[in-house]
Amino acid sequence: MTTASGGDREPGTRRAQVEMVHAEGLHKSFGRLEVLKGIELSVAPGEVLCLIGPSGSGKSTFLRCINHLEKIDAGRLYVDGELVGYRQHGDKLYEMRDREVCQRRAQIGMVFQRFNLFPHMKVLDNVTIGPMRVKGESLAKAAERAHRLLERVELADKVDAYPNQLSGGQQQRVAIARALAMEPKLMLFDEPTSALDPELVGDVLDVMRKLAEDGMTMIVVTHEMGFAREVGDTVVFMDGGVVVESGDPRQVLTQPAHARTRAFLSKVL
């Protein structure tokens with residue numbers, strides 16, 4: 001993790017305070033493989049940012065860095081004005097303790113490609129376990145919110161079902177409800193429809209559209225270009241660990257400025 005001088009740090013901190021996510025010169029390597037190569041990216045509160053690009057471009061790694069599932073090697077990353085995974089004293093950064101990291105991570109919801117539900121727990125228990133264990137909420141309070149969220153994702157009748165009794169699309173909607181149960185300020189979606197049968201994709205995307213309409217700040221890694229065009233405020237095309245192009249979805253998806261973007265879109269549109 002690199003540090004910046006006081007003069008370099010202050011402007012970034014000011015920007016981070018008015019942005020939900022702010023990445024400055026983000027680098028991440030796995031062994032000799034450099035996956036992120038100086039990412040500069042910002043997301044405003046209430047913005048829906050869609051990340052597109054080929055497999056291996058660094059999109060999922062960037063998401064995992066935001067909630068400190070992966071530690072960055074260089075640069076700085078802020079969520080709602082606070083450094084992710086580190087605290088600053090003078091010009092040095094110190095890694096937070098696991099408990100502090102978990103407390104910060106609880107403010108960021110994440111929905112994965114694979115639903116990661118607890119298979120031995122009923123739907124209701126999957127949604128209530130986080131608020132009860134992490135935030136210390138009572139069963140009554142957590143269950144009341146869980147029922148409300150399951151109704152929101154149109155699964156109110158599945159509270160007593162186990163994950164293996166649900167379709168893939170239903171499991172993903174439970175996963176969204178589970179993330180929302182922590183009352184996050186930011187939602188991250190890592191290709192949430194890629195593991196679903198085509199006929200199940202629409203229900204999940206509908207839930208995400210409603211979240212966007214409600215003003216949730218969202219970063220979505222997706223291959224669903226129609227969703228990116230319709231719901232995204234910004235589209236970012238990544239390739240080779242860098243941001244190649246970003247802007248209004250209608251501009252980027254229909255009249256991309258860069259040849260790499262055009263080549264990618266010609267294969268997926």
Side-chain angles (χ1 to χ4, degrees), residues 16-23 41-51 59-70 77-86 96 98-118 123-138 141-153 155 171-193 204-222 227 231-234:
Q17 288 173 346
V18 298
E19 294 161 346
M20 185 59 72
V21 178
H22 182 70
L41 192 151
S42 296
V43 183
E47 181 178 358
V48 178
L49 183 142
C50 293
L51 282 173
K59 308 182 302 295
S60 295
T61 297
F62 176 65
L63 280 197
R64 293 174 65 85
C65 289
I66 291 174
N67 62 5
H68 208 56
L69 289 174
E70 298 290 351
L77 182 59
Y78 301 86
V79 171
D80 200 18
E82 297 182 329
L83 280 166
V84 173
Y86 297 86
M96 290 180 173
D98 289 345
R99 178 177 294 182
E100 293 176 294
V101 171
C102 288
Q103 289 174 344
R104 294 280 183 89
R105 188 179 291 142
Q107 301 173 357
I108 304 171
M110 187 160 185
V111 178
F112 301 86
Q113 296 179 40
R114 298 290 175 176
F115 325 118
N116 291 352
L117 299 178
F118 295 113
V123 164
L124 183 64
D125 298 325
N126 265 282
V127 180
T128 58
I129 187 171
M132 292 172 63
R133 288 195 177 180
V134 178
K135 300 172 71 174
E137 288 187 358
S138 67
K141 182 176 181 180
E144 189 277 330
R145 184 187 300 112
H147 281 286
R148 187 171 68 250
L149 289 170
L150 289 169
E151 183 174 355
R152 185 176 182 180
V153 299
L155 290 173
Q171 289 186 61
Q172 193 63 294
R173 284 147 60 197
V174 172
I176 294 173
R178 179 183 59 183
L180 292 173
M182 296 297 291
E183 300 183 306
K185 61 179 69 173
L186 168 68
M187 285 286 287
L188 310 176
F189 293 87
D190 189 5
E191 298 190 25
T193 61
V204 174
L205 294 181
D206 284 344
V207 171
M208 295 169 64
R209 285 188 185 93
K210 292 175 183 176
L211 284 178
E213 290 170 1
D214 290 343
M216 174 64 72
T217 309
M218 299 161 58
I219 302 178
V220 184
V221 174
T222 185
F227 175 86
V231 181
D233 297 299
T234 305

Within 6.0 Å of NZ in Lys141, more than 12 heavy atoms from elsewhere: no

Among Ile108, Leu69, Asp190, the one residue meeting side-chain contact (heavy atoms from CB on, under 4.5 Å) with Leu63: Asp190

Arg148 and Glu144 ion-paired at < 4.0 Å: yes

Other residues, nucleotides, ligands: >12 heavy atoms within 6.0 Å of Glu151 CD: no

Within 6.0 angstrom of Arg114 CZ, more than 12 heavy atoms from elsewhere: no

Test item: side-chain donor near acceptor, Glu47 and Thr234, under 3.5 Å: yes

Between OG on residue Ser138 and CE on residue Met132, distance to nearest 0.5 Å: 7.5 Å

Closest contact, heavy atoms only, Ala23 versus Leu77: CB-CD1, 3.8 Å

Side chains of Leu41 and Phe62 in contact at under 4.5 Å (non-hydrogen atoms): yes

Sidechain-backbone polar pair: Gln172 side chain, Pro192 backbone, donor-acceptor under 3.5 Å: yes

Short side-chain to backbone donor-acceptor contact, Asn126 and Phe118, under 3.5 Å: yes

Over all atoms of both residues, closest heavy-atom pair of Cys50 and Gly232: SG-CA, 4.1 Å

Whether Tyr86 and His68 hold their rings parallel, tilted or perpendicular, with breakpoints at 30° and 60°: perpendicular

Side-chain heavy atoms of Glu19 within contact of Tyr78, under 4.5 Å: no

Glu191 vs Lys59 side-chain heavy atoms within contact, under 4.5 Å: yes

Any side-chain heavy-atom pair of Val204 and Phe189 under 4.5 Å: no

Donor-acceptor under 3.5 Å (Arg173 side chain, Val153 main chain): yes

Backbone of Ile129 reached by a side-chain donor or acceptor of Arg178 within 3.5 Å: no

side-chain contact (heavy atoms from CB on, under 4.5 Å) assessment of Leu186 paired with Ile66: CA-CA 10 Å; Leu186 168 68; Ile66 291 174; 3.9 Å; yes

Over all atoms of both residues, closest heavy-atom pair of Ala179 and Val111: CB-CG2, 4.2 Å

Asp214, CG: over 12 other non-hydrogen atoms inside 6.0 angstrom: yes

